[in-house]
Each structure stands twice: as C-alpha cells, then as structure tokens.
Student: 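This structure is in structure tokens; I'll ask about it shortly.
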Amino acid sequence: MFSDDAPRDDVRFRYTAALASELEQRWQDRWDELGTFHTANPSGALTDGAGRPADPDAATFYVMDMFPYPSGAGLHVGHPLGYIATDVVGRFRRMRGDNVLHALGYDAFGLPAEQYAVQTGQHPQVTTEANIANMRRQLRRLGLAHDPRRTFATTDAGYVRWTQWIFLQIFESWYDVDAVRPDGSAGRARPIAELVAQYEAGTRPVPDGGTWADLTDVERRRLVDRERLAYITEAPVNWCPGLGTVLANEEVTADGRSERGNFPVFQRSLSQWNMRITAYADRLADDLELIDWPAKVKAMQRNWIGRSDGANVVFDVIGGLEVEVFTTRPDTLFGATFLVVAPEHPLLDEVPAAWPDGTRSAWTGGFDTPIEAVAAYRAEAAAKTAVERQADAGRKTGVFSGHLATNPVNGLPVPVFTADYVLMGYGTGAIMAVPAEDERDWAFAAAFELPHVRTVQPPAGFDGGAWTGPGAMINSANDEISLNGLQVAESKPKIIDWLESKGLGTRTTTYRLRDWLFSRQRYWGEPFPIVYDENDLPIAIPDELLPVELPDVPDYSPRTYAADDAGSSPEPPLGRNADWVAITLDLGDGPKQYRRETNTMPNWAGSCWYYLRYLDPTDADHLVSPELESYWLGPQHNPEAGTAGGVDLYVGGVEHAVLHLLYARFWHKVLFDLGHVSSLEPFHKLFNQGYIQAFAYVRADNGAYVEAATVTERPDAPGEFVALVDGAEVPVLQEYGKMGKSLKNVVTPDDMYDAYGADTFRVYEMSMGPLDQSRPWDTRAVVGSQRFLQRLWRNTVDEATGELVVVDDDPEPATLRVLAHSIADVRIEMEAMRLNTAIAKLIVLNNHLTSLDRVPRAALEPLVLMTAPVAPHIAEELWQRLGHAGSLAFEPFPVADAAYLVEDTVTCVLQVQGKVRSRIEVSPSIDGDVLRELALADAGVQRALDGREVRTVIVRAPKLVNVVPA
RNA sequence: GCCCCCGUAGCCCAAUUGGCAGAGGCAACCGGCUUAAACCCGGUCCAGUGCGGGUUCAAACCCCGUCGGGGGCACCA
C-alpha cells in the first residue's frame with residue numbers, strides 16, 4: 001500500500017507525502033508571488049519577475065508542448081509525461097543560462113467539447129471553462145515552470161480575433177508560382193490586390209481569354225475568388241452523417257471512416273471552403289530537410305504529400321478525341337498495351353455505339369454495346385462505398401469502353417478500358433497500362449486476356465509476372481528514338497525530352513496531397529469572418545469588426561444522421577439563428593443587407609499558430625510583433641536554430657504527424673510569404689514522447705473489467721492474478737493497453753499527489769524509461785522514486801529535529817571523484833534528453849552520500865542543484881535550508897571539476913581470443929607497447945595460451961588487450 | 001502485401017555505439033533496527049542479450065534468415 005503518512009513524533013521532519021505536499025504547494029505559491037518563471041521578452045511589458053527585460057547576452061530556448069485539449073474526464077497519469085519532460089528540459093536550460101520560454105494554453109474548440117456539452121446539457125463555453133479550470137489545477141500541482149502570463153485558450157475572443165485575421169490574410173492572397181522568394185526560388189503567396197492590379201494593368205492575361213475591362217464586376221470577382229488561397233468550390237467532399245459534418249482528407253482513415261468516432265464517410269459534391277495547401281506541396285516536402293524531426297514523422301509527411309515525378313502523355317483516341325495519362329514510367333511507353341481511365345473520366349461520356357473489331361468476349365462484361373457496358377460499370381463503381389472499394393482492392397474489375405487509342409511511340413492501337421483501380425482524383429484519372437512492368441496492370445491484363453510486351457530485361461531466372469526493378473531497356477525503339485540498352489533511369493529523361501519535342505507529352509509532377517477542406521458544420525468553432533452579398537460571393541468582414549463571435553443558437557448540437565445515411569446533407573448549427581445570419585453592414589457603399597457564413601473552422605485552425613501567440617498573448621495590435629518573432633523563432637536565433645528557425649523543442653504524440661503538423665507548417669509558410677514571420681518553419685526540433693499504458697484485468701468467468709487497483713498477483717503462481725470483488729477473490733486475466741475509464745485502470749495525478757507528492761511522481765515518470773518509448777504504469781514501483789527523494793532529504797535534514805546534517809568539511813577524494821563523474825554524466829544525459837539515465841546518475845551520487853558518516857556540503861549542494869529540474873520543490877526547500885535565499889531556478893548548473901575526472905588507474909581487461917582471462921590495474925596513460933608486454937607476461941594470459949604461439953595482439957590502451965593465438 | 005521501430009534478470013530499463021553483459025529502480029529473499037510490523041539501513045538472488053546462421057581478434061551492437069510485439073502505408077499509376 002501507500003507509504004505511511006501519519007505524523008510521528010520521532011520523525012516529525014521525515015519527507016512523507018504530507019510534508020512533500022505542504023512544501024510543494026508552498027513553493028508553487030512562492031513562484032507565483034515572485035514571478036519566478038516570468039519569461040522576459042527583449043522589450044515590452046513582459047519582463048522577468050524582477051521587472052527586467054531579457055538579458056541580451058542570453059541564448060533563447062523556446063520549449064513547447066503540443067496544445068492540450070481540456071477534456072471533461074480530467075487527466076490520468078499518462079497525460080503529464082510530456083509536460084514533465086519539457087519542464088525538466090526547460091528548467092535545465094534555464095540553469096545553463098538560457099532565456100527559456102515555456103507556457104501552456106488550451107485548444108478548446110472542437111467536437112469533444114461540443115459532445116460533452118450536449119451530454120451534460122450545458123453550453124460548450126461553460127463546460128470548456130470548467131474543464132480548463134480543472135486541468136489548470138491538476139497541472140499547477142505538478143509544479144510546471146510555465147510563464148503564467150502567457151496562457152490562453154483558443155476560444156478567447158482575443159485569440160479568435162487573430163485566428164480570423166489569419167484566415168482573412170489567406171483569403172486575401174493568391175499563389176504566384178513565378179514570384180521569387182528571398183532565397184531565390186520561385187513561388188510565393190502575394191496579396192490578392194496585386195493580382196487585381198496586374199489584371200487591371202493588363203500585365204497578366206485574363207484566363208479564358210477576354211480582357212479585364214470587358215468583364216462585369218461580378219465576373220471579375222468570380223475570377224479573382226478562384227485564385228484565392230482560401231476559396232469556395234463545389235467538389236466531392238467527405239461527408240460524415242454520423243458526425244454531421246464534412247471532413248478533410250487527413251481526418252478520414254484509409255478504409256473510409258472518420259478518424260474521430262469511426263463513422264462511415266461518403267463522397268458528396270458540396271460547396272465548401274478549401275485552403276490551397278497544394279500550392280505549398282513542394283515546399284512542405286523540401287523543407288523537411290531543414291528541420292530536426294523524427295525520420296518517421298518526416299516519412300509520414302512525405303508520404304502524405306506523395307510527390308511523384310513523371311510525365312503526362314497524350315494518346316489520340318480514334319474518332320477525334322484524346323486522352324492524357326500520367327505515368328512515372330514514361331520509359332516503358334513502348335510496353336503500353338492498353339489504357340485505363342477512371343469510371344468518372346469524361347472520356348466515357350461518349351463511347352462508340354458498337355464493339356470494334358477485335359473485341360474479345362472477356363472485355364465486354366456480357367453487354368451488347370459499349371454504351372450499356374460502360375453505363376453499367378459506372379453505376380456499379382458509383383454505388384461502391386470506400387469500404388467496399390477497399391475490400392475489393394487487388395481484385396480487378398473493369399470493362400472495355402469501345403474506344404481505341406494510338407500509342408504515340410509506335411502507332412499501335414490500344415484498347416481503352418475503364419476500371420476502378422484508376423482513381424479520378426489522382427494524376428489525370430487515366431493511365432497507360434504496362435503489364436510487363438506494373439503489378440496492378442499485370443493483374444488486370446491477366447484477368448482480361450490482354451497482352452504484355454517487356455521493355456525492361458528482367459534478370460536471368462525471373463519466372464514471369466511484372467518486373468518492376470532496374471534493368472536494360474528492350475523492345476523500345478522507333479524510327480526516331482531508341483531506348484534499347486539504356487538503364488531505366490537514363491531512359492526516363494530521354495523519352496520525356498523526345499515526347500516534349502514532339503508535343504506528345506510534358507514532364508509532370510503530381511501529388512497525393514489535396515487541398516484542405518476547411519468548413520465544418522458545427523457550433524463550437526471559430527466563425528468565418530465572411531459575409532455574402534446578393535451575388536452569393538464572399539466578402540471579408542472588415543478588420544475592425546473582428547472577432548466575429550459565436551451567436552447564441554437554440555440548439556448548438558450538430559445535426560447528425562444515421563451513420564450510413566449517405567443521402568443526408570450537412571446543416572450548420574449557426575444557420576439556426578436567423579437574426580445573426582442576416583447582418584447589415586456598410587462596406588463603403590452604404591448600409592446593405594448581407595448573409596453571414598454559417599460554417600465554422602475546423603479545430604486545427606486554432607492550433608495552427610498558437611506557438612506565435614505565446615510570444616505575447618497580450619498584443620492587441622499584432623498577430624506577433626516582428627521583433628519578438630525574430631528573437632524567439634527567427635533563423636539562427638540561437639546556435640542550434642538553423643536556417644529555418646522555429647520552436648527549439650516541440651514535444652507531443654506522434655498522432656499529429658500529418659494533421660496538425662502539416663497544417664501548421666502550411667499556415668506558417670503563408671505568413672512567411674506575406675512577411676509576418678521570418679522563420680521558414682514553425683517547429684525546429686520535434687520529439688514524440690511515448691505513451692504510458694496500463695494493465696487492465698477481466699474476470700476469467702464473464703470477461704467483465706474489474707478495478708485494476710483491487711488486483712494482486714498470486715505469490716504462489718507468478719503470472720496469475722486475482723481481484724477482490726465484494727470481499728471474494730476472483731481469478732482475472734491480464735490485458736495491456738490504454739488507460740481509460742472503460743478499462744477500469746485509471747490512475748490520476750491527483751492519486752499520486754496524495755500518496756507521494758508531485759516531485760516523486762515527476763521523478764518516477766521520468767525514470768521509467770526513455771522518453772520516446774511507451775511503457776506500462778506500475779504504481780507499486782513509484783516508491784523507489786520516493787525513497788530516492790527521502791534519502792536526499794535525510795542527507796540534508798535530520799528527520800527528528802529538522803536540523804541540517806551537512807558538514808562544511810572538505811569531501812574525501814573518493815567523494816569528489818563520484819561527484820565529478822556524476823556531474824559530467826548528468827550533463828551529458830540531460831542534454832541528450834535521456835532523463836531516465838540522468839536520474840540513475842543522481843541516485844548513484846545520492847547513494848554514495850548516504851553511505852558517508854557525514855555529508856559534506858560541497859558534494860550535497862551540487863546534487864540538490866542537479867536534482868532541481870526533475871524534482872524542483874524538494875530541491876528549492878533543501879536549497880533554502882542549506883542557507884540560500886531565493887529560488888535556485890537560476891543557479892548555474894554544476895560543472896564537473898576536471899581534476900577528479902581522471903582516474904589514477906584503470907582496469908585493463910586481458911583477453912585471449914576474445915575471452916576475458918585476466919585483469920590488471922594500469923595507468924590511464926599507459927603506452928600501448930608497454931601494455932602489450934604486461935599482457936603477454938600476465939600469468940592468466942600465459943595459462944590461457946597454454947604454450948601456443950601468439951599470432952597477433954590487439955591493444956586498445958588503456959582498457960583492453962586481446963591476444964590471438966596462432 | 002510493402003516499409004519502419006523494438007525484443008537484455010520475474011518486471012521497468014542501462015551498457016562510453018564493435019571491446020569486462022549491469023548503471024538505476026521495482027519485486028523476491030536474508031540480516032540489522034523494532035515488543036512487533038511498517039519505514040529505514042546493510043546484503044543476497046537473478047539474464048549471456050527472442051531464435052538460427054555469417055563477418056570479426058572480439059557481436060546485445062554490423063550482415064542474412066526467422067519468430068514475436070508495436071506503428072505507418074496500402075490499387076497513388
């Protein structure tokens with residue numbers, strides 16, 4: 001059970017949970033009163049606790065946690081893992097002299113808050129505020145060194161104002177692919193007014209012909225609206241009836257369900273807001289090179305962006321039409337034996353009336369005419385849900401369209417099929433099929449009796465099927481060009497050059513990334529700062545009217561439907577307040593009636609820029625002042641920042657690898673293009689912490705979960721467990737997984753504060769293992785961390801009297817050596833964020849001091865300072881009891897005395913054929929040749945050699961010699 | 001199906017990146033303290049690194065294969 005907490009007369013000053021709690025809360029109050037963790041900006045009202053601006057000589061260090069979502073359930077012990085880690089790193093950097101910025105705000109819009117509000121019948125604002133208050137309380141008790149002045153919630157009107165302001169910046173911009181960026185490369189966002197100016201001046205041709213002057217005002221606006229980075233378009237979108245809203249591609253799983261709630265998602269053509277993230281696809285992919293992120297997350301982003309280089313190739317279709325295909329293998333064009341277009345492809349809108357000569361029966365699907373066959377297949381494909389399509393992946397279906405096209409490199413006729421393995425949304429929605437070099441095409445060809453022609457020589461012994469590997473080209477020549485004999489990589493540019501010279505194709509890059517669908521049909525989100533006029537065209541609400549606040553509506557719950565009701569339509573809750581929707585504004589031509597946008601923004605919007613707001617959440621005049629942005633985030637803002645700049649350390653779960661992290665990078669780059677930030681990237685170093693998981697237990701008889709806290713392991717049978725249910729022991733089975741109410745295995749920080757105090761909890765979480773690894777929670781093991789702190793306490797304070805027990809004598813050399821090594825090791829481990837091993841080193845030093853009769857101050861004080869980042873309250877208390885005034889938060893982190901790092905002797909291992917046969921003590925600076933002779937003369941070595949000749953001797957002075965016998 | 005990460009004492013985890021397999025913690029056991037127990041203090045026990053090959057003077061670490069666990073992608077042309 002938990003440690004004994006009863007006050008005892010003989011040990012009134014023992015470091016118990018009660019004492020820990022008392023001093024922890026006292027120090028938390030003290031930090032607040034003194035403003036200890038008030039981080040100073042270089043200028044402005046945000047100074048340090050003493051009212052000073054930032055020290056110009058200090059390096060900055062900006063550490064940040066992923067935005068917490070204040071759920072109604074409160075925190076369990078898994079949640080604070082990352083917050084503790086960033087706090088430890090931040091406190092360590094502060095002691096190293098850095099100006100550390102660390103704050104925490106709340107991502108408070110979004111579906112869970114809305115659903116929780118619906119459940120409890122309260123307004124989301126009320127539940128959100130209550131949840132934030134509870135989370136603040138739980139986190140404050142943890143002793144996090146956040147700047148309390150820099151917190152905010154995304155729902156605050158002052159924050160919403162700037163979220164909406166950024167939206168309007170994006171709305172009022174277009175992407176000029178030719179504009180030159182500061183680094184010389186091409187393409188950047190520019191104010192839309194500059195596009196209009198170009199049209200007006202005639203320096204940019206009006207698309208679709210005509211002149212600007214000839215267009216009506218409404219035509220001009222439609223033209224310009226099409227170019228905006230935030231734009232409305234009618235297109236197929238992901239409609240999720242179960243959630244009652246449309247979703248971005250990133251929010252839909254591969255099997256066509258909503259990431260949140262796991263409801264089916266249907267394709268519906270709807271008019272919705274989008275963000276032109278695709279304009280940034282190249283930069284989002286390329287700039288990953290500039291930042292220090294886990295390779296896995298970079299791979300996921302690259303994968304999601306899905307850039308592939310190839311060519312578009314035009315095939316003439318007999319009868320006067322043509323079809324353009326995208327291929328990454330233009331080198332295999334001579335092996336293209338048929339074409340496949342997606343069922344939605346416009347080429348199928350007209351098909352021949354009769355099957356052409358040479359049509360095989362396998363191609364027709366049993367229909368008499370192409371018209372019937374194609375219509376039937378298109379209907380079948382349209383009826384398929386994403387889930388069914390997913391289930392059918394690999395099974396090739398399709399039908400001949402009746403069209404014949406001409407292979408541009410050899411003039412041969414190729415049949416055009418339609419099949420749903422070709423997607424309208426990728427490339428051109430049409431492919432050239434090369435069965436010999438593509439596995440999917442091979443499978444289709446096999447199913448439809450289509451021929452193949454090999455154009456890459458497979459290796460000897462290859463026994464059929466598609467060969468997708470490298471090799472020499474064969475069968476690839478016409479009168480003008482020959483690829484034969486070339487390697488695949490050489491052939492690609494050559495054939496593309498030829499195609500381009502003949503006007504048959506163009507070098508092309510395509511992306512999997514789609515534009516970001518940005519509207520949601522929900523109440524609890526940022527309203528769009530947009531109104532519509534009588535032409536139904538969007539108009540920005542003037543800056544002075546921001547923020548647009550959420551109106552009261554009769555019912556703020558989203559209109560949801562049966563999860564499989566594909567025919568239903570979204571209904572924004574904001575539309576339920578007619579008085580709000582209709583608005584009278586004077587936008588320069590007198591008061592007029594407008595209609596408000598009733599969709600809200602996705603909750604990713606608020607998390608796209610919060611790292612900018614921490615720099616000064618009180619700034620009412622700027623999104624972020626350029627001076628602060630460059631000081632904390634700019635390129636080279638500290639020696640580690642690199643050319644991209646950004647937050648120095650960003651810690652959070654890997655689940656945001658493509659959603660939040662991609663969206664935030666996109667917004668940041670838009671803000672960069674528009675001159676609002678100087679950094680190229682928002683987050684320089686990203687670290688994904690692991691998860692704390694927990695055992696859960698189900699009854700062996702009925703499979704019901706039992707309270708994990710009541711379970712014990714059978715002493716007689718390890719691995720078997722029993723739970724105490726109504727006073728009786730029942731056998732249970734162990735499971736492992738998330739911590740959650742339904743699994744009855746939740747342990748909360750509050751439980752830990754009560755039983756051990758916050759410092760013990762912090763030490764335990766940090767010592768469980770490497771930060772990036774997931775691991776099981778084990779409440780019984782927490783006591784080990786408490787013992788460490790208790791020993792540290794006892795090394796300083798007499799438990800009975802509260803008197804200091806340290807002495808001012810000089811420490812023994814042995815103690816100085818342990819001290820020096822501990823300091824050196826702890827610094828290395830802390831800098832590498834290996835907090836578990838850093839704590840182990842602290843324990844070694846502490847245990848050493850425990851073993852002494854008298855603890856010397858000169859050894860104890862550095863230990864207290866080094867313990868401070870991980871267990872700050874007890875460290876502050878001991879520091880004070882040791883006679884220091886004020887907080888240790890800014891005390892320099894100890895530096896090892898190099899004189900005690902060198903050992904007088906080291907143990908040299910003597911091996912014979914790799915096996916340890918002897919050990920000798922030698923000087924650390926011993927000469928290799930001397931050591932060799934010592935080793936060869938060693939009795940243990942001679943015994944192992946047993947008279948054999950020595951072939952060679954490996955000497956790694958001073959630690960190892962390996963003698964290799966002949 | 002493809003790709004990535006991880007398998008070390010009963011458990012959580014170290015190992016200066018190829019050089020003595022054990023730093024730290026939990027649990028267990030023994031002893032001290034105690035009227036007794038807990039706390040505390042001291043000590044003990046415990047694996048040859050999932051498995052099979054290979055490279056090397058030397059392999060937990062590198063290579064190949066295989067098994068188990070976790071994650072990502074999945075008809076993207």
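Each chain gets a letter, A, B and so on, in the order its sequence line appears, and its residues count up from 1. Just so you know, these numbers use all the heavy atoms, side chains as well, and skip hydrogens, waters and symmetry mates.
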Student: Under 4.0 Å between any heavy atoms, over every strand shown, what does A/Val422 touch: base, sugar-phosphate, or nothing? Just pick one.
Tutor: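 Base, at least one base heavy atom under 4.0 Å.
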Student: Other residues, nucleotides and ligands only: do more than 12 of their heavy atoms fall within 6.0 Å of CZ on A/Arg780?
Tutor: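 Open.
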Student: Only pairs with both distances under 3.5 Å count, Watson-Crick or wobble alike; so what is the partner of B/G1 in this structure?
Tutor: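 Partner of B/G1: B/C73.
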Student: B/C12, B/A77, B/C26: which one has an atom nearest the side-chain heavy atoms of A/Asp778?
Tutor: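 Nearest to the side-chain atoms of A/Asp778, counting from C-beta on, is B/C26.
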Student: Which whole-number value in Å describes the distance from A/Leu960 CG to B/U16 P?
Tutor: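 These atoms are roughly 15 Å apart.
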Student: Does B/U8 have a Watson-Crick or wobble mate here (both distances under 3.5 Å), and if so which one?
Tutor: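 With both distances under 3.5 Å required, B/U8 matches none.
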Student: Is A/Arg794 paired with A/Glu799 through a side-chain N to carboxylate O contact shorter than 4.0 Å?
Tutor: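 A salt bridge links A/Glu799 with A/Arg794.
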Student: Between A/Asn303 and A/Phe695, which has a closest nucleotide on RNA chain B that is more 5'?
Tutor: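 The residue mapped nearer the 5' terminus is A/Phe695.
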Student: Which nucleotide wins on minimum distance to the side chain of A/Arg794, given the candidates B/C73, B/C41, B/C20?
Tutor: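 Taking heavy atoms from C-beta onward, the closest nucleotide is B/C41.
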Student: Take the protein atom CG of A/Asn688 and the nucleotide atom C1' of B/C5, then report the distance between them rounded to whole Å.
Tutor: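 In whole Å, B/C5 C1' lies 12 Å from A/Asn688 CG.
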Student: Measure CD/A/Glu949 against C1'/B/C57 and give the value in whole Å, please.
Tutor: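 From A/Glu949 CD to B/C57 C1': 17 Å.
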Student: Quick one: look up who B/C13 pairs with, Watson-Crick or G-U, both distances under 3.5 Å, and put none if it's unpaired.
Tutor: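 B/C13 is paired, partner B/G22.
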Student: Provide the distance between the two C1' atoms, one in B/A9 and one in B/A21, to the nearest whole Å.
Tutor: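 Straight-line distance between the two C1' atoms is 11 Å.
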Student: Please evaluate the base of B/C75 for a donor-acceptor partner in the side chain of A/Lys396 within a cut-off of under 3.5 Å?
Tutor: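 Counting by modelled atom types and ignoring angles, a donor-acceptor contact under 3.5 Å is found here.
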Student: If the C1' atom of B/G18 is compared with that of B/A27, how far apart are they to the nearest Å?
Tutor: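 Taking atom C1' in both B/G18 and B/A27, they lie 34 Å apart.
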Student: With the side chain of A/Ile431 defined as its heavy atoms from C-beta on, choose the nearest nucleotide among B/A23, B/A77, B/C41.
Tutor: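 That would be B/A77.
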Student: Are the aromatic ring centres of A/Phe444 and A/Phe338 under 6.0 angstrom apart?
Tutor: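 That pair passes the under 6.0 Å test.
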Student: Distance between the C1' atoms of B/G69 and B/G50, in whole angstroms?
Tutor: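 Here B/G69 and B/G50 have their C1' atoms 11 Å from each other.
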Student: Can you tell me the base-pairing partner of B/A27? Count Watson-Crick or G-U wobble geometry only, both distances below 3.5 Å, and say none if there is no partner.
Tutor: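 Partner of B/A27: none found under 3.5 Å.
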Student: Under 3.5 Å for both donor-acceptor distances, Watson-Crick or wobble: does B/C62 have a partner, and if so which one?
Tutor: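 Checking every strand shown, B/C62 finds its partner in B/G54, with both distances under 3.5 Å.
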Student: Does A/Ser774 reach a base, just sugar-phosphate, or nothing at all? Heavy atoms under 4.0 Å.
Tutor: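 It contacts sugar-phosphate atoms only.
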Student: The side chain of A/Arg512 lies closest to which of these nucleotides: B/A74, B/C20, B/G42?
Tutor: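 Closest of the options to the side chain of A/Arg512: B/A74.
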Student: Using atom P of each nucleotide, how far apart are B/U8 and B/C13 to the nearest Å?
Tutor: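 Between the two P atoms, the distance is 9 Å.
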Student: Quick one: which of A/Thr796, A/Leu792, A/Ile874 gives a side chain to side chain contact (heavy atoms under 4.5 Å, CB included) with A/Tyr15?
Tutor: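 The side chain to side chain contact (heavy atoms under 4.5 Å, CB included) with A/Tyr15 is passed solely by A/Ile874 among A/Thr796, A/Leu792, A/Ile874.
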Student: Counting the atoms with a prime plus P, OP1 and OP2 as sugar-phosphate, which does A/Gln911 contact under 4.0 Å by heavy atoms, base, sugar-phosphate, or nothing?
Tutor: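 Base, at least one base heavy atom under 4.0 Å.
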Student: What distance, rounded to whole Å, do you find between the two C1' atoms, one in B/U17 and one in B/A58?
Tutor: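 Going atom to atom, C1' in each nucleotide, I get 15 Å.
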Student: Of the options B/C57, B/C12, B/A77, whose atoms approach the side-chain atoms of A/Asn962 most closely?
Tutor: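 Looking only at heavy atoms from C-beta outward on A/Asn962, the closest nucleotide is B/C57.
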Student: What is the glycosidic conformation of B/G48: syn, defined as within 90° of 0, or anti?
Tutor: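 B/G48: syn.
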Student: Going by modelled atom types, is there a donor-acceptor pair between the base of B/C26 and the side chain of A/Arg780 at under 3.5 Å?
Tutor: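 No, no donor-acceptor pair under 3.5 Å.
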Student: Is the closest side-chain heavy-atom distance between A/Thr760 and A/Val782 below 4.5 Å?
Tutor: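 They are in side-chain contact.
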Student: Report the distance from atom CE of A/Met300 to atom P of B/C4, rounded to the nearest whole Å.
Tutor: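 From A/Met300 CE to B/C4 P: 15 Å.
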Student: Describe the nucleic acid contact of A/Ile843 in one word from base, sugar-phosphate, nothing, applying a heavy-atom distance below 4.0 Å.
Tutor: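 Sugar-phosphate only.
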Student: RNA chain B: A/Ser308 or A/Arg791, which has the more 5' nearest nucleotide?
Tutor: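 Taking each residue's closest nucleotide, the earlier one in sequence belongs to A/Arg791.
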Student: Considering only the P atoms, how many Å lie between B/C6 and B/C63, rounded to the nearest integer?
Tutor: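 Taking atom P in both B/C6 and B/C63, they lie 11 Å apart.
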Student: Which listed nucleotide (B/C39, B/C57, B/C13) is nearest to the side chain of A/Arg956?
Tutor: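 So the nucleotide nearest the side chain must be B/C57.
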Student: In whole Å, measure the gap between the P atoms of B/U49 and B/C3 for me.
Tutor: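 Going atom to atom, P in each nucleotide, I get 28 Å.
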Student: Would you say A/Gln913 places a side-chain N or O within less than 4.0 Å of OP1 or OP2 belonging to B/A58?
Tutor: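 No, no such contact exists.
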Student: For A/Tyr421, is the NZ or CZ atom of A/Lys396 found under 6.0 angstrom from the centre of its six-membered ring and inside 45 degrees of the ring axis?
Tutor: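 Yes, A/Lys396 lies over the aromatic ring of A/Tyr421.
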Student: Is the shortest distance from a Lys or Arg side-chain nitrogen in A/Asp282 or A/Arg307 to a carboxylate oxygen in the other one below 4.0 Å?
Tutor: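 A salt bridge is present here (some side-chain N lies under 4.0 Å from a carboxylate O).
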Student: Which part of the nucleic acid does A/Glu439 contact within heavy-atom distance under 4.0 Å: base, sugar-phosphate only, or nothing?
Tutor: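 If one applies the 4.0 Å heavy-atom cut-off, A/Glu439 turns out to touch nothing in the nucleic acid.
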Student: Name the pairing partner of B/A38, where a pair is Watson-Crick or G-U wobble with both distances under 3.5 Å, or state none.
Tutor: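 Looking at the geometry, B/A38 pairs with no nucleotide.
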Student: With side chains defined as the heavy atoms from C-beta onward, is the minimum distance between A/Val456 and A/Arg329 less than 4.5 Å?
Tutor: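 With C-beta onward as the side chain, the pair touches.
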Student: Passes side chain to side chain donor-acceptor pair (under 3.5 Å), A/Thr509 versus A/Asp309? Steps please.
Tutor: CA-CA 4 Å; A/Thr509 301; A/Asp309 295 315; 2.7 Å; yes
Student: At 4.0 Å (heavy atoms only), tell me whether A/Arg775 reaches a base, stays on the sugar-phosphate, or touches nothing.
Tutor: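 Sugar-phosphate, backbone atoms only, no base.
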Student: Take the protein atom CG of A/Leu863 and the nucleotide atom C1' of B/G24, then report the distance between them rounded to whole Å.
Tutor: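 Whole-Å distance recorded here is 14 Å.
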Student: Please classify B/U17 as syn or anti, treating any glycosidic angle within 90° of 0 as syn.
Tutor: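 Syn for B/U17; the angle stays within 90° of 0.
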Student: In whole angstrom, give me the gap between the C1' atoms of B/C61 and B/G7.
Tutor: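 Rounded to whole Å, the distance is 14 Å.
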Student: Mind checking A/Pro965 for me? I need base, sugar-phosphate or nothing, with any heavy atom below 4.0 Å counting as a touch.
Tutor: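 No contact.
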Student: Measure from the side-chain heavy atoms of A/Asn836 and tell me the nearest of B/A77, B/C26, B/C13.
Tutor: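 Minimum distance to the A/Asn836 side chain belongs to B/C13.
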Student: Starting at CD of A/Glu437 and ending at P of B/C75, how long is that distance when rounded to a whole Å?
Tutor: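 After rounding, the reported distance stands at 22 Å.
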Student: Would you mind classifying the nucleic acid contact of A/Arg919 as base, sugar-phosphate or nothing, using non-hydrogen atoms under 4.0 angstrom?
Tutor: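 It contacts base atoms.
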Student: Among B/C12, B/C73, B/C40, which is the nearest nucleotide to the side chain of A/Arg787?
Tutor: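 Nearest to the side chain of A/Arg787 among the choices is B/C40.
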Student: Please report the distance, rounded to the nearest Å, between CD in A/Gln790 and C1' in B/C40.
Tutor: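 My rounded result for the distance is 8 Å.
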Student: Which nucleotide in the list B/G19, B/A77, B/A23 gets nearest to the side chain of A/Phe326?
Tutor: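 Of the options given, the side chain of A/Phe326 lies nearest B/A77.
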Student: With heavy atoms under 4.0 Å as the rule, sort A/Thr952 into base, sugar-phosphate or nothing.
Tutor: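 No contact.
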Student: Looking only at the aromatic ring of each residue, does the gap between the centers of A/Trp304 and A/Tyr511 stay below 6.0 angstrom?
Tutor: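 Not under 6.0 Å, so no.
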Student: Please classify the nucleic acid contact of A/Asn847 as base, sugar-phosphate, or nothing, using heavy-atom distances under 4.0 Å.
Tutor: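 The answer is sugar-phosphate, as A/Asn847 gets under 4.0 Å only of primed atoms, P, OP1 or OP2.
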Student: Whole angstroms only, please: what is the CG-P distance between A/Leu789 and B/G24?
Tutor: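 These atoms are roughly 17 Å apart.
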Student: Name the nucleic acid region contacted by A/Ala840, choosing base, sugar-phosphate or nothing; use a 4.0 angstrom heavy-atom cut-off, strictly under.
Tutor: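 Counting heavy atoms under 4.0 Å across all strands, the contact made by A/Ala840 includes a base.
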